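Whatever order the structure lists them in is the order used to number ligands and atoms, beginning at 1. Keep in mind that what you see is a predicted model, and the values were worked out from it rather than measured.
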Amino acid sequence: MNNIILCGFMGCGKSTIGRKLAARTGMTFVDMDRYIEEKQGMTVSEIFERYGEERFRELETEACRELAETSGTIIAAGGGTLTFQRNIDILKSTGRIILVEVSYENLCERLKYDKKRPLLQVEDRNAVIRELLDKRLPVYRAAASVYVDGNFSSSRVAENIIRILL
Ligand code: S3P
């Protein structure tokens, strides 16, 4: 029950912030996408390509279950993880969910050159960001118990999280 789960849209900085938090607190950092990739021996893009998004979502829930068994872990969830009630239920029972909120404009800027996220490899990337963000933000907000403004440097956001949690 003492884990920290970082939640937020793709590009909000969950992984960078998580690593900084781990360095500051001595907790263990786990990036959920990397965890799935290592277990499957392929990248998230390859999983989407070969088996489809639905399979990826199953693997994501499996990862939630496994990581929920750990303690003292900072978990950077994927941007879609906490849009599924089953994952929210699992992760909520294992620690505090912190939402890192970043504006639409900043997300578009940060994700401009992304090549790794399958959902963004489309012609009108900003339209997809807009649509997903509008759909997901209320769900993230309902799942999280702590909110931080992510429109700053990752160091500053990590400091703010530490201040809130201490
Ligand atoms: C996804 C976000 C990605 C990754 C996958 C799907 C999403 O994680 O899990 O590409 O649905 O928003 P990041 O938020 O770490 O980019």
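- For ligand 1, the protein residues placed under 4.0 Å by at least one non-hydrogen atom are M10, K14, D33, V44, F56, R57, G78, G79, G80, R117, P118, L119, R136.
- Side chains of T94 and N3: a donor-acceptor N/O pair is present below 3.5 angstrom, by distance only.
- With sequence neighbours left out, the side chain to side chain contact (heavy atoms under 4.5 Å, CB included) criterion links M27 to I4, T25, I74.
- Looking at L59 and Y51, their side chains never come closer than 4.5 Å, going by heavy atoms from C-beta outward.
- Residues satisfying the side chain to side chain contact (heavy atoms under 4.5 Å, CB included) criterion with Q121, sequence neighbours excluded, are D114, R125.
- Between T83 and L132 there is no side-chain heavy-atom pair separated by less than 4.5 Å.
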Which side-chain N or O atoms in residues 42-50 pair as donor and acceptor under 3.5 Å with protein atoms at least two apart or in another chain?
from : atom 1 : to   : atom 2 : distance (Å)
T43  : OG1    : E46  : N      : 3.1
S45  : OG     : K116 : O      : 3.0
E46  : OE1    : T43  : N      : 2.9

